[in-house]
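Heads up: the structure comes next, in structure tokens.
By convention in this document, chain letters (A, B, ...) are assigned in the order of the sequence lines, proteins followed by strands, and residues within each chain are numbered from 1. Every heavy atom of this structure was used, including side-chain atoms; hydrogens, water molecules and symmetry mates were not. Because the structure is a prediction, the values reported are computed rather than measured.
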Amino acid sequence: DAGVIQSPRHEVTEMGQEVTLRCKPISGHDYLFWYRQTMMRGLELLIYFNNNVPIDDSGMPEDRFSAKMPNASFSTLKIQPSEPRDSAVYFCASTQDGARYTFGSGTRLTVV
Amino acid sequence: GQNIDQPTEMTATEGAIVQINCTYQTSGFNGLFWYQQHAGEAPTFLSYNVLDGLEEKGRFSSFLSRSKGYSYLLLKELQMKDSASYLCAVREDQKLVFGTGTRLLVSP
């Protein structure tokens, strides 16, 4: 079991550029979650999917953020255009039964 | 609304016992989780309580009282490697809602 795999691990980009974060959940896990972590606000849920369908996107900060899950083994979180306040660590997590959620290693995003 | 409260920071000595409290007020409740997060790393699962009572797992135990909206994580025989942040989270439907975490510093 390779766990939840995220890429890239680190991303530095200039304000206004498009950023795409990627996630591969654990095989067989039907739920996929995108979280953002900052010192000020902790871990915040952005959006989650069940069987590739978005269920709750109420945490997506604004229209600059979008997420897709084209198949059971891949999801993307896109920010366009990026802003310095988007700098954070973005985590992807998955679960099969809701009794244990496994997190990926995260993507540390810096927007300058 | 959602409100999950934990102390911001705690300190303890190697070999001691520490209890990290968590109180919650959420619109839904399907279980309470504790995660450990070392600096620069991902959160890792520690425990899951859905019924009232104490769950023991090695040096770590977690307690839940649903009527009081209260949980605690008990760490025994503290080791230096236990220095980390401890995150309390409530499951609402299938999503986890996290508190801001408690940073634990273990000193020699």
Side-chain angles (χ1 to χ4, degrees), chain A residues 1-7 9-10 21 23-26 29-60 67 88-110, chain B residues 1-10 20 22-24 26-51 53 55 57 60 62 64 71 73 84-105:
Chain A
D1 181 357
V4 176
I5 299 173
Q6 291 186 248
S7 65
R9 287 298 306 273
H10 301 273
L21 312 181
C23 175
K24 176 179 168 54
I26 293 174
H29 282 196
D30 296 331
Y31 290 86
L32 182 142
F33 305 80
W34 283 101
Y35 284 88
R36 176 171 68 177
Q37 187 173 40
T38 60
M39 288 291 291
M40 292 297 295
R41 300 173 69 91
L43 264 172
E44 301 175 283
L45 178 67
L46 299 177
I47 185 171
Y48 80 95
F49 296 83
N50 177 214
N51 290 323
N52 315 336
V53 176
I55 302 300
D56 183 349
D57 65 354
S58 59
M60 296 286 261
V89 181
Y90 290 81
F91 286 103
C92 177
S94 70
T95 187
Q96 182 182 44
D97 55 7
R100 181 183 290 236
Y101 294 66
T102 303
F103 283 76
S105 299
T107 295
R108 182 173 296 276
L109 174 65
T110 303
Chain B
Q2 302 166 339
N3 197 26
I4 301 174
D5 287 323
Q6 308 177 232
T8 302
E9 195 169 282
M10 298 181 71
I20 303 174
C22 171
T23 58
Y24 63 90
T26 55
S27 54
F29 181 86
N30 289 323
L32 189 133
F33 292 74
W34 284 95
Y35 277 79
Q36 180 190 59
Q37 187 177 26
H38 286 98
E41 298 183 9
T44 55
F45 173 85
L46 288 178
S47 68
Y48 169 50
N49 294 66
V50 65
L51 300 176
E55 296 274 346
K57 193 185 298 183
F60 292 5
S62 57
L64 174 65
S71 174
L73 180 69
S85 289
Y86 292 85
L87 310 176
C88 172
V90 170
R91 189 174 75 153
E92 295 184 0
D93 295 324
Q94 292 296 330
K95 63 185 181 185
L96 291 186
V97 179
F98 284 86
T100 51
T102 298
R103 190 165 56 205
L104 175 66
L105 179 62

field: Aromatic plane relationship, B/F45 with B/Y35 - under 30° parallel, 30 to 60° tilted, over 60° perpendicular
entry: perpendicular
task: Output yes when a side-chain donor or acceptor of B/Y24 lies under 3.5 Å from a complementary backbone atom of B/L32, and no otherwise.
output: no
Donor-acceptor contact below 3.5 Å, side chain B/Q6 vs main chain B/C88: yes
statement: When rounded to the nearest 0.5 Å, the distance separating OH of A/Y31 from CG of A/D97 is 10.5 Å
- request: To the nearest 0.5 angstrom, please state how far the CG atom of B/D93 sits from the CG atom of B/N30.
  value: 6.5 Å
query: Heavy-atom distance under 4.5 Å to chain A: side chain of B/E41, backbone, both or neither?
result: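 Contact with chain A is through the backbone of B/E41 alone.
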- line: B/T100 meets the side chain to side chain contact (heavy atoms under 4.5 Å, CB included) criterion, sequence neighbours left out, with none
Could you tell me which portion of [X] (side chain, backbone, both or neither) has an atom closer than 4.5 angstrom to a non-hydrogen atom of chain B?
X	answer
A/Q37	side chain
A/L45	side chain
A/N50	neither

message: Taking 4.5 Å as the heavy-atom cut-off, does anything in residues 98-106 of chain A contact chain B, and if so which residues?
response: A/G98, A/A99, A/R100, A/Y101, A/F103, A/G104, A/S105
Min side-chain heavy-atom separation A/W34-A/M60 under 4.5 Å: no
query: Can the ring centroids of A/F33 and A/Y48 be said to lie less than 6.0 angstrom from one another?
result: yes
